[in-house]
Amino acid sequence: DAVAALRERVELELLPVNPARWARDAEVSLAVAVKHVPTLRVRVFRINTAAWFAARGADVDLAIDLDGMTAGWEEVRELAAPPMVRQVLRLPLPACARPGTYVIELIGGGRASRALIRKGDLRLAGRPTAAGLAIDVVDERGQACPGASLWLGGREFRAGADGAIALPFSTRPGPTAALVVDGDVAVATTVELRRESYELGVAWLLDRQGLVAGEVAAAVARVSLRLGGVPVPRALLEDAFLEITTIDRKAVTATHRQPLPLADDADAEVEVAVPIDARQVGLAIGGRVRVVSEQRTIDLRADRTFAIGTMHDGDATAAMYLRPAPDGLRLGVYGKSGEPRPGRA
């Protein structure tokens, strides 16, 4: 009974040595193990990946319904091996000479097997830009594909003069299904769309020794405006302003706002009037930017706070400070107004 069962068993198996993808100029052939298959029918279907993706929004897989479709190429092989012999065949597929996506169907002995062949590949390399996302397309050999296009949300985006595909900012950021096409090769992929988000940063250069009550302190502000992490011209910041907020020892707050001209080739110079009995000075630079993708205007602001005379907040009347000297460093004791306190151990 065991011998009879082994003799009648039918095998039609695609071997794991078959590659998942093929180079666009390679000759395609499949390694198949067969047993008790007197007649083997090989059918080749060329799939329009772009049309399939447009209709279903997904990539082609082995579950594709081939009913009603006509094979582009078909071959019938007569195998004379005895039913007890399991043999490995190498099936050349001349119908897969062009790059593209193919479904191979093998039928014999009442069984069927399918193979999905992708001939040629496309890969994406994205980088953030001030306009959104720039995508460079290369093939499986690493060569650039300047004629490639990207289908996203029913729209086609083509490469510009620099060979990159520009994708604008999206109101729905995150991974999104897309299809990249270059000639006969079409590959379903995922693109990480980006939101149009602005960031305002300010680096201050302010000598704390210049924060003297009743005097005017000079400060330098280096303003940076970034869009999705990419530096953009500061001119996009409309109605730029400088806001100075002071708080004295009696917790009285005074705020002054003035226009602030900004340039991409120079830092902003600021003068700060320090009032008598000042406890804290706050500096803020802000403005408005237009978010084109969302058709709205948002406010941006960067704040920095400087404390003055922190000794007055406690009960200490003197403090120790290190100061440079010709022979190294010296530790000095000074009072609240900076007067020396000699004779201290």
Arg288 atom CZ: more than 12 heavy-atom contacts under 6.0 Å: no
Looking at residues at least two apart in the chain, or sitting in another chain, which of them share a side chain to side chain donor-acceptor pair (under 3.5 Å) with Arg290? Gln295, Thr297
We want to know whether Tyr321 and Arg330 form a side-chain donor-acceptor pair, criterion being a heavy-atom distance below 3.5 angstrom. no
Tell me, do Val180 and Trp151 make a side-chain contact under 4.5 Å, heavy atoms counted? no
Are any non-hydrogen side-chain atoms of Arg24 and Glu140 less than 4.5 angstrom apart? yes
Between Arg323 and Leu331 (side chain of the first, backbone of the second, donor and acceptor by atom type, cut-off under 3.5 Å), is there such a pair? no
Check: Thr171/Glu294 side-chain N/O donor and acceptor closer than 3.5 Å: no
Take Arg341 and Thr317, measure what side chain to side chain contact (heavy atoms under 4.5 Å, CB included) needs, and give me the verdict at the end. CA-CA 10 Å; Arg341 291 291 185 90; Thr317 60; 4.0 Å; yes
Search all heavy atoms of Gly57 against all heavy atoms of Ala177 and return the closest pair with its distance. O-CB, 4.3 Å
Beyond-backbone contact of Pro83 with Val85, side-chain heavy atoms, under 4.5 angstrom: no
Can you tell me how far apart CG (Leu283) and CZ (Arg304) are? Round to the nearest 0.5 Å. 9.0 Å
List, by chain and number, the other hydrophobic cluster members for Val60, where Ile, Leu, Val, Met, Phe, Trp and Tyr join if side-chain heavy atoms come within less than 4.5 Å, directly or indirectly. Phe45, Ile47, Trp52, Leu62, Ile64, Leu66, Met69, Val103, Leu116
Under 4.5 Å between side-chain heavy atoms, chaining through other members, with only Ile, Leu, Val, Met, Phe, Trp and Tyr counted: pull out the rest of the cluster around Val212, sorted by chain and number. none
For Arg158, all residues meeting side-chain contact (heavy atoms from CB on, under 4.5 Å), sequence neighbours excluded: Ser149, Glu156
CD-CG distance between Glu192 and Leu167, expressed to the nearest 0.5 angstrom: 12.0 Å
Check whether more than 12 heavy atoms from other residues, nucleotides or ligands sit under 6.0 Å from atom CD of Glu339, and answer yes or no. yes
If hydrophobic clusters are built from ILVMFWY residues whose side chains come within less than 4.5 Å, do Leu237 and Val202 share one? yes
If you group Ile, Leu, Val, Met, Phe, Trp and Tyr by side-chain heavy-atom gaps below 4.5 Å, do Leu227 and Leu225 land in one group? yes
Do the side chain of His36 and the main chain of Arg7 share a donor and acceptor less than 3.5 angstrom apart? yes
Ile285 side chain reached by Asp303 side chain, heavy atoms, under 4.5 Å: no
Kindly indicate whether the side chain of Arg172, heavy atoms from C-beta on, has any atom under 4.5 Å from the side chain of Arg195. no
Apart from Val220 itself, which Ile, Leu, Val, Met, Phe, Trp or Tyr residues share its cluster (side-chain heavy atoms under 4.5 Å, direct or through members)? Leu205
Can a donor-acceptor pair be found, under 3.5 Å and without considering hydrogens, that links the side chain of Lys336 to the backbone of Ala318? no
What about Leu200 and Trp204, same hydrophobic cluster or not, with Ile/Leu/Val/Met/Phe/Trp/Tyr joined at side-chain heavy-atom distances under 4.5 Å? yes
Kindly indicate, with the supporting measurements, whether the criterion salt bridge (charged side-chain N to carboxylate O under 4.0 Å, His left out) is fulfilled by Glu105 and Arg114. CA-CA 5 Å; Glu105 190 172 53; Arg114 282 185 180 181; 3.6 Å; yes
For Ile135 and Leu133: C-alpha separation, side-chain torsions, deciding distance, then whether side chain to side chain contact (heavy atoms under 4.5 Å, CB included) applies. CA-CA 6 Å; Ile135 295 180; Leu133 184 67; 4.2 Å; yes
Within one Ile-Leu-Val-Met-Phe-Trp-Tyr cluster: Ile244 and Leu300, side-chain cutoff 4.5 Å: yes
Over 12 foreign heavy atoms within 6.0 Å of CZ, Arg222: no
NZ/NE/NH1/NH2 to OD/OE distance under 4.0 Å, Arg257 and Glu243: yes
Kindly state each residue pair satisfying side-chain hydrogen bond (donor to acceptor under 3.5 Å, both in side chains) with at least one member in residues 54-66, sequence neighbours excluded. Asp59-Arg118
Indicate yes or no for a side-chain donor-acceptor contact from Arg226 to the backbone of Glu199 under 3.5 Å, with no hydrogens or angles considered. no
Test of understanding: with side-chain contact (heavy atoms from CB on, under 4.5 Å), list the residues that count as partners of Arg41, not counting sequence neighbours. Arg43, Glu74, Val76, Ile107
Separation between CG (Asp121) and CG (Asp182), nearest 0.5 Å, reads 11.5 Å
What I'd like to find out is whether the side chain of Leu262 reaches to under 4.5 Å of the side chain of Leu260, using heavy atoms alone. yes
Do you know which two heavy atoms are closest between Arg301 and Ala284, and how far apart they sit? NH2-CB, 3.5 Å
For Ser29, side chain to side chain donor-acceptor pair (under 3.5 Å) partners two or more places apart: Arg90
Can you list the steps and then say if Leu206 with Leu211 is a side chain to side chain contact (heavy atoms under 4.5 Å, CB included)? CA-CA 9 Å; Leu206 175 62; Leu211 294 175; 4.1 Å; yes
Quick one: side chain to side chain donor-acceptor pair (under 3.5 Å) partners of Gln280, sequence neighbours excluded? none
When Ile, Leu, Val, Met, Phe, Trp and Tyr are grouped by side-chain heavy atoms lying under 4.5 Å apart, directly or through other members, which residues fall in the same group as Ile117? Val10, Leu12, Leu14, Trp22, Val28, Leu30, Val32, Val34, Val37, Leu40, Val42, Val44, Trp73, Leu79, Leu89, Leu91, Leu93, Tyr102, Ile104, Leu106
Distance check, rounded to the nearest 0.5 Å: Asp264 atom CG versus Ser224 atom OG? 11.0 Å
Rounded distance [0.5 Å steps], OG1 in Thr253 versus CD1 in Ile247: 4.0 Å
I'd like to know if the side chain of Glu196 reaches the main chain of Ser170, judged simply by a donor and an acceptor atom lying under 3.5 Å from each other, with no hydrogens or angles considered. no
Decide whether Leu124 and Leu122 are clustered together by the hydrophobic rule: side chain heavy atoms of Ile, Leu, Val, Met, Phe, Trp, Tyr closer than 4.5 Å, transitively. yes
For Lys35, all residues meeting side-chain contact (heavy atoms from CB on, under 4.5 Å), sequence neighbours excluded: Leu6, Arg9, Glu11, Arg86
Please determine whether the number of non-hydrogen atoms from other residues, nucleotides or ligands lying under 6.0 Å from atom CD of Gln258 exceeds 12. yes
Going by side-chain contact (heavy atoms from CB on, under 4.5 Å), name the residues that satisfy it together with Arg155, two or more places apart in sequence or in a different chain. Phe157
Please tell me if the side chains of Asn48 and Thr101 come closer than 4.5 Å, counting only heavy atoms from C-beta onward. no
To the nearest 0.5 Å, what is the distance between OG1 (Thr129) and CZ (Phe169)? 6.0 Å
With the side chain counted from C-beta on, respond yes when Val274 and Glu215 share a heavy-atom pair under 4.5 Å apart, and no when they do not. no
Does a sphere of radius 6.0 Å around CG in Asp327 hold more than 12 heavy atoms from other residues, nucleotides or ligands, not counting ones at 6.0 Å or beyond? yes
Enclosure of Arg279 CZ (heavy-atom neighbours >12, cutoff 6.0 Å): no
As a test of understanding, state which of Asp136, Val137, Leu152 forms a side chain to side chain contact (heavy atoms under 4.5 Å, CB included) with Ile165. Val137
Ion pair present between Asp139 and Arg141, side-chain N to carboxylate O less than 4.0 angstrom? yes
